[in-house]
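Note: hydrogens, waters and symmetry copies are ignored here, and every other heavy atom, side chains too, is used. Since the structure is predicted, the reported quantities are computational estimates derived from the model, not experimental observations. Below, read A as the first sequence line, B as the second, and so on, with proteins coming before strands; counting in each chain starts at 1.
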Protein chains: 2
Amino acid sequence: MAKKIYKRDPVASKQLIVDNAIKLFSKKGYAGASMDELSSMCHLNKAMVFYYFKNKKGLYEAVMEEILQEIYYTVIEENKLHDNPMDELEGFIKTYALFACTHPYLPALLLKELSDSGAVIPELLFASMRKLFSLFSDILKRGEEQGCFKDVVPMILYFMVLGTLNLLVTTKSLRIEAAKLDDIDVDTCATCDIDEISVYLIKKIKLMLKEDR
Amino acid sequence: MAKKIYKRDPVASKQLIVDNAIKLFSKKGYAGASMDELSSMCHLNKAMVFYYFKNKKGLYEAVMEEILQEIYYTVIEENKLHDNPMDELEGFIKTYALFACTHPYLPALLLKELSDSGAVIPELLFASMRKLFSLFSDILKRGEEQGCFKDVVPMILYFMVLGTLNLLVTTKSLRIEAAKLDDIDVDTCATCDIDEISVYLIKKIKLMLKEDR
DNA sequence: TGTAAAATTAACTAACCAGTTAATTAGTAA
DNA sequence: TTACTAATTAACTGGTTAGTTAATTTTACA
């Protein structure tokens with residue numbers, strides 16, 4: 001017997017809302033995102049948003065939780081493949097870079113949140129960033145103990161990696177536009193792909209951790 | 001004779017609006033900033049905002065133009081003090097770091113804009129970022145020609161410097177909060193001052209530009 | 001098949017928003 | 001003093017916002 005065709009699918013409806021909310025929040029920010037616009041993106045009645053989520057903030061939290069958990073587990077799982085700090089660092093950067101590039105809403109949402117110390121969802125952002133940073137910090141510290149990294153300040157290096165990668169993703173369209181002009185002779189890496197960028201970043205980070213001075 | 005006391009001062013009124021708009025936009029973003037809130041911050045009637053500025057976007061542009069010009073001229077003027085790429089690079093980083101730290105609304109506004117490729121004011125942001133990047137790129141290229149820098153990709157290095165410094169400024173309160181907890185043993189640089197940070201960053205960037213591999 | 005719960009909708013509300021208007025007040029210059 | 005202009009205000013407008021309500025449709029299950 002063929003599977004019964006349902007006119008309703010609550011799980012799919014909820015996920016449809018989250019998926020479209022990710023797009024909308026990452027494009028317009030929390031304040032700029034309208035629940036009317038969201039519901040029409042989903043082709044659902046607006047009351048559906050408030051049926052599945054307590055309010056706008058609750059939806060935003062669900063969105064952030066989903067993507068922060070996804071990046072965290074992606075990085076953590078990849079990390080298990082390595083057994084020495086040098087490879088772990090390389091894996092961390094490569095994995096974050098690839099994820100950011102294939103999920104460009106992550107850099108957009110993250111930079112917006114971090115630009116005001118997580119004004120909308122301080123606790124959640126705080127906890128997630130800490131978990132990811134804790135792994136990064138641990139890699140560097142073990143590397144320092146084993147003598148493969150020198151003069152390590154994890155917090156600064158963490159923002160160096162995340163700042164570089166997130167900004168390169170979010171400014172992509174701006175950089176492509178800039179490349180078309182030729183009044184100033186600058187290379188904006190408009191055609192660089194993510195692999196080239198992460199290979200360069202890894203090479204440079206390794207160089208800066210190789211010696212004390 | 002004592003100077004006449006005026007009840008009105010149009011220049012001061014306009015500047016009062018810009019100063020408070022900087023605070024408000026950097027805290028809440030473009031969409032989240034309310035012109036009613038702004039006018040009451042200024043203790044002025046809301047119509048005053050629209051008397052001095054065409055509309056909300058016009059005010060936002062005035063705000064961005066003011067701070068982008070300020071950082072640009074600060075960096076450009078400092079740059080004139082040096083006569084070799086190594087000192088110029090150090091000066092660039094130190095000057096940007098100090099400015100960002102003493103004008104924390106700059107990182108907040110910049111990261112918000114860059115997180116969606118300048119959705120609100122693409123042309124203005126674009127032109128300003130290009131001017132600053134052009135200087136940075138020029139320093140690195142001259143350094144490469146003279147042999148003091150190796151394997152330079154200015155665009156990536158630019159976002160490395162700006163990303164690191166801007167994020168360290170905007171996350172300051174988050175990092176101070178994190179330092180109070182002790183469930184995970186991580187140093188969040190909560191007590192680092194801007195000089196320590198820029199000295200470290202300069203040291204590391206110099207190391208990464210010293211050799212090809 | 002009947003019924004209760006879950007999912008969905010149209011229509012509504014009250015607050016807020018950017019921006020306008022027309023009137024009023026203060027400064028200027030003759 | 002007068003008369004003009006610039007600065008300032010209270011009160012308003014029309015549209016948008018997050019969120020609610022009560023009714024309706026679909027589904028699950030006994």
Enquirer: Quick test of your reading of the model: are A:E88 and A:R142 salt-bridged, counting only N-O distances below 4.0 Å?
Expert: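 Between A:R142 and A:E88 there is a salt bridge, with a charged N closer than 4.0 Å to a carboxylate O.
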Enquirer: Can you list, in residue-number order, the parts of residues 8-25 of chain A that come under 4.0 Å of DNA chain C, counting heavy atoms only?
Expert: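 The answer is A:R8, A:D9, A:P10, A:S13.
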Enquirer: If the cut-off is 4.0 Å, is B:Y51 near the phosphate of C:dT20, judged by side-chain N/O to OP1 or OP2?
Expert: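 For C:dT20, OP1/OP2 do not have a side-chain N/O of B:Y51 under 4.0 Å.
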Enquirer: Specify the separation, in whole Å, of atom OH of A:Y30 and atom P of D:dT17.
Expert: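 Value for this atom pair: 14 Å.
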Enquirer: Mind checking B:A31 for me? I need base, sugar-phosphate or nothing, with any heavy atom below 4.0 Å counting as a touch.
Expert: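 No contact at all - B:A31 keeps every heavy atom at 4.0 Å or more from the nucleic acid.
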Enquirer: Check every atom of D:dT9, D:dT8, C:dT8 against the side chain of B:Y52 and return the nucleotide holding the closest atom.
Expert: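 Comparing D:dT9, D:dT8, C:dT8 against the side chain of B:Y52, the answer is D:dT8.
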Enquirer: Would you mind reading off the distance between A:L44 atom CG and C:dT8 atom P, rounded to a whole angstrom?
Expert: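 The distance from CG of A:L44 to P of C:dT8 comes to 7 Å, rounded to the nearest Å.
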Enquirer: Indicate whether the side chain of B:Y60 and that of B:E113 have a donor and an acceptor atom separated by less than 3.5 Å.
Expert: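 Yes, a side-chain donor-acceptor pair sits under 3.5 Å.
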Enquirer: Name all residues meeting the side-chain contact (heavy atoms from CB on, under 4.5 Å) criterion together with A:A33; count only those two or more places apart in sequence or in a different chain, and write none if there are none.
Expert: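 Per chain and number, A:A33 pairs via side-chain contact (heavy atoms from CB on, under 4.5 Å) with A:L24, A:F25.
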Enquirer: How many angstroms lie between CE in B:M64 and CD1 in B:I67, if you round to the nearest 0.5 Å?
Expert: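 Spacing of CE (B:M64) from CD1 (B:I67) equals 5.0 Å.
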Enquirer: Just how far is it from atom CG of B:L125 to atom CG of B:L68, taken to the nearest 0.5 Å?
Expert: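 That separation rounds to 6.5 Å.
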Enquirer: Is A:N45 near enough to C:dA10 that one of its side-chain N or O atoms lies under 4.0 angstrom from OP1 or OP2?
Expert: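 Answer yes for this pair, as a side-chain N or O of A:N45 is under 4.0 Å from OP1 or OP2.
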Enquirer: Return the residues of residues 53-67 of chain A meeting this criterion: a heavy atom under 4.0 Å from some atom of DNA chain D. Order them by number, or give none.
Expert: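 Output list: A:N55, A:K56.
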Enquirer: Can a side-chain donor-acceptor contact be found between B:Y52 and B:Q15 if the only test is distance below 3.5 angstrom?
Expert: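 Absent: no donor and acceptor within the cut-off.
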Enquirer: Rounding to a whole Å, what distance do you find between B:M48:CE and D:dT9:P?
Expert: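 In whole Å, D:dT9 P lies 5 Å from B:M48 CE.
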Enquirer: Please say which of A:L106, A:L110, A:I76 ends up in a side-chain contact (heavy atoms from CB on, under 4.5 Å) with A:I71.
Expert: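 Of all the options given, the one that passes is A:L106.
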Enquirer: Work out which heavy atom in A:T170 is nearest to a heavy atom in B:L114; give both atom names and the distance.
Expert: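 Minimum heavy-atom contact is OG1-O, 2.8 Å.
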Enquirer: Give a yes or no on whether a donor-acceptor pair under 3.5 Å exists between the nucleobase atoms of C:dA18, that is its base, and the side chain of B:K46.
Expert: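 Answer yes: a donor N or O sits under 3.5 Å from an acceptor.
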Enquirer: Going by salt bridge (Lys or Arg N to Asp or Glu O under 4.0 Å), name the residues that satisfy it together with A:K180, two or more places apart in sequence or in a different chain.
Expert: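 So A:K180 forms no salt bridge (Lys or Arg N to Asp or Glu O under 4.0 Å) with any residue.
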Enquirer: Show each protein N/O and nucleotides 13-16 of chain D N/O combination with a separation under 3.5 Å, one pair to a line.
Expert:
none

Enquirer: Choose from D:dT20, C:dT8, C:dG27 the nucleotide whose nearest atom is closest to any side-chain atom of A:F50.
Expert: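 For A:F50, the side-chain atoms sit closest to D:dT20.
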Enquirer: Does NZ or CZ of B:K27 lie under 6.0 Å from the centre of the six-membered ring of B:Y105, at an angle within 45° of the ring axis?
Expert: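 Geometry flag: not set, cation outside 6.0 Å or 45°.
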Enquirer: If a pair satisfies ring pair (Phe, Tyr, Trp, His ring centres under 6.0 Å) and one of its residues is in residues 155-193 of chain B, list it, with sequence neighbours excluded.
Expert: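 Matches after skipping sequence neighbours: B:F133-B:Y158, B:F136-B:Y158.
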